[in-house]
Amino acid sequence: MTVTVEPKPTNTAAQNDPRRRRWLFPALGVAALVLTVLSAGYIDFAPTTLIDGLEDVGNLLERMLPPRVDDTGRIVSLALDTLLMAVLGTVLAAIVSVPLAFLAARNTSPHPVLYSVARAVITFCRAMPDLLFAVLFVRALGIGVLPGILALALHSIGMLGKLFADAIEETDVGPREAIRAAGAGYYREMINAVVPQVVPAWIGAFVYRIDINLRMSVVLGFVGAGGIGFALQDALRGLIYPRALGIVLVILVIIAAMELAAMALRRMLLVPSAAGPQRDRLMRIGASAVLVVAVVASFVVLELDPRSLLTWIGPSIEVFGRMVPPDFSALGADLFDAAVQTVAIGVVATAIGIVLSIPVGVLAARNATPHPAVYWVARSWILLVRAVPELILAVVFVAALGLGPVAGTCALAIGSVGFLGKLVADAIEEIDPGPLEAVASVGGGWWNRTLSAVVPQAIPSMVGSSLYLLDVNIRTSTILGIVGAGGIGFLLFESIRTLNFDVAGAIVLVIFVVVYIVERISGWIRSLLV
């Protein structure tokens, strides 16, 4: 029997009260400013640090020129490994996320206990960074692509499981009631009434997740989990900077091409074509066939035994079991300091990212940009920055500025431009055109249109996206220490390297608590803006 867990009622009138909006945004601004100043002081981040850091990075880039790609065959092979790891990890996550989503959706979960357990699994997978999973799996299974695939799959369950479940909760109850009235059981009801409604949302989430996993898979090699990151790490350790820049450019091309392909694929699969449903059906069948071929190729090219997708469980449980009970006493105050430093890095990077991203986002919106050429420059800049994983930026800033949280903050701040800039641009393109037309009709120029019609409408979305960016940056800052860019990741990497798994267990628990608390707070604030 299916139990439906009804959502809690919300006070819509209170949420839409303009008086609350008037005090809410200033209060958030003051709180954000105070928190940013305190965080910057904690990690000794001066206002001019980012500017000075860019100058040092420029000097480093001069030493990298001209870029070169040695051993082209090996680089191409590792790049292909990276792509196939991302595809296979996402497919495995989707396979697990489908049944998990039905258990985690309020309107389809068979029992409240199963609902709570499924949501807990999704939350844990989402809160733990994928690179952290990779470090642990490498220790359990050894160096290779399997730990990377499993890390990508586990972390992806956190996103896909949540999005799949949310899509199920938004389905229309009418078809389910009709099938139930015909005497069909629970499984027939789910397959015939729910699945057809959620497939488009699931396809969009799946394609988007492949895009994300490709970005992450390029840096898994830093911890020995396969992919082109192996070659990049070797070049950086050997101080062969021209080779390192050549590999980074290869990574940029791969990620940019994948993003463009993902955009085209989403449009092809989710936007009805003028040719009719027959063509849409053929396109979906063709895309499914390509995906099946890619999965089979993953096992062949990566030399994976299909049985390894099951045999990893035993060794991993043995390693993960050594993390219990966690030892909080070994690090003492250092653990608390590293946790606060991690949050401070995320806060300062997010604040800088907001300041840098909003102007870029405005210029990258079709309905707000002053000129088409400016639009394409802004969009190209966003695409370029998004194509560089934050961990690679952190490596560059560490090489230019030295070890410590300042390098990590600068890396996350630059990476935020690509992430938040796109969200801001997309939000502006969805605003009501009426106010824009009204300002233009009375002779208002670009500045007047932007300040009077664009920004006021986009502020709620900007605040919500900024809070989401804070979530992402704090998650990312937990692993920057792996390359010496500050935060709790350094302690974690060292504890695992020295086989102090009980200490690693304490660090993992602290990371989970920090990320979970930040996620809940930002989610609560976003709910006030709805």
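Values reported hereafter were calculated over all heavy atoms of this structure, with side chains retained and with hydrogens, waters and symmetry mates removed.
Between F137 and W312, the ring-plane angle classifies as perpendicular under the 30° and 60° cut-offs.
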Checking D502 against V324 for the side chain to side chain contact (heavy atoms under 4.5 Å, CB included) test, could you report, in this order, the C-alpha distance in whole Å, the side-chain angles of both residues, the deciding distance, and whether it holds? CA-CA 6 Å; D502 51 350; V324 180; over 6 Å; no

Going through the distances and angles, do L136 and M323 end up as a side chain to side chain contact (heavy atoms under 4.5 Å, CB included)? CA-CA 10 Å; L136 296 173; M323 300 170 68; 4.1 Å; yes

Please walk me through it: do T82 and L214 pass side chain to side chain contact (heavy atoms under 4.5 Å, CB included)? CA-CA 7 Å; T82 299; L214 181 60; 4.0 Å; yes

List the steps and the verdict of side chain to side chain contact (heavy atoms under 4.5 Å, CB included) for Y42 and D337. CA-CA 10 Å; Y42 194 85; D337 175 69; 2.6 Å; yes

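Not a single donor-acceptor pair under 3.5 Å links the side chain of S465 to the backbone N or O of M462. T476 places a side-chain N or O within 3.5 Å of a backbone atom of V472 that can act as its donor or acceptor partner. Remark: the backbone N or O of G487 is paired with a side-chain donor or acceptor of Q341 at under 3.5 angstrom. At distances below 3.5 Å, at least one donor-acceptor pair connects side-chain atoms of T171 with backbone N or O atoms of I168. In this structure a side-chain-to-backbone donor-acceptor pair under 3.5 Å is missing from N213 to G89. Judged by distance alone, with hydrogens and angles left aside, the side-chain atoms of H155 form a donor-acceptor pair with the main-chain N or O of C125 at under 3.5 Å.
Two residues are said to be in side-chain contact when any heavy atoms from C-beta on lie closer than 4.5 Å; V503 and L331 meet this criterion. Annotation: side chain of V98 is in contact with side chain of W202 (closest heavy-atom distance under 4.5 Å). Side chains of L480 and F490 form no contact here, defined as non-hydrogen atoms less than 4.5 Å apart. Put simply, the side chain of S495 reaches to within 4.5 Å of the side chain of I507, judged on heavy atoms. L152 places none of its side-chain heavy atoms less than 4.5 Å from the side chain of L88. Looking at I43 and T409, their side chains come closer than 4.5 Å, going by heavy atoms from C-beta outward. Contact annotation: the side chain of Y468 approaches that of F419 to within less than 4.5 Å [non-hydrogen atoms, C-beta and beyond]. Between I254 and L83, the closest side-chain pair of non-hydrogen atoms is not below 4.5 Å.
Considering NE2 of H111 and CG of L103, their distance stands at 12.5 Å, rounded to 0.5 Å. Interatomic distance, CZ of F133 versus CZ of F320, reported as 7.0 Å (0.5 Å rounding). Atom CD1 of I479 is separated from atom CZ of F493 by 12.0 Å, given to the nearest 0.5 angstrom.
Residues Y115 and F102 keep their aromatic ring centres 6.0 Å or farther apart. Annotation: F124 is not in aromatic contact with Y516 [ring centroid separation under 6.0 Å not met].
Pairs passing the salt bridge (Lys or Arg N to Asp or Glu O under 4.0 Å) check and including a residue from residues 126-152, sequence neighbours excluded, read R126-E519.
Heavy atoms only, all atoms of each residue included: A338 and L491 are closest at CB-CD1, 3.5 Å. Considering every non-hydrogen atom in both A165 and A101, the closest pair reads N-CB, 3.6 Å.
Partner of I488 under the side-chain contact (heavy atoms from CB on, under 4.5 Å) criterion, out of V514, D334, I345, T342: T342 alone.
Within a 6.0 Å sphere centred on CH2 of W381, heavy atoms belonging to other residues, nucleotides or ligands number 12 at most. Remark: L302 CG is packed, more than 12 non-hydrogen atoms of other residues, nucleotides or ligands lying under 6.0 Å away.
The existence of a salt bridge linking K162 and E169 is excluded, since no basic side-chain nitrogen approaches an acidic carboxylate oxygen closer than 4.0 Å. With respect to R322 and D327, no salt bridge is recorded, no charged nitrogen being found less than 4.0 Å from a carboxylate O.
No side-chain donor-acceptor contact under 3.5 Å links T90 and R209.
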Please tabulate, for the side chains in residues 346-362, all donor-acceptor contacts under 3.5 angstrom to protein atoms that are two or more places apart in sequence or on a different chain.
from : atom 1 : to   : atom 2 : distance (Å)
T350 : OG1    : G346 : O      : 2.6
T350 : OG1    : N473 : ND2    : 3.0
S357 : OG     : G353 : O      : 2.5
S357 : OG     : S416 : O      : 3.3

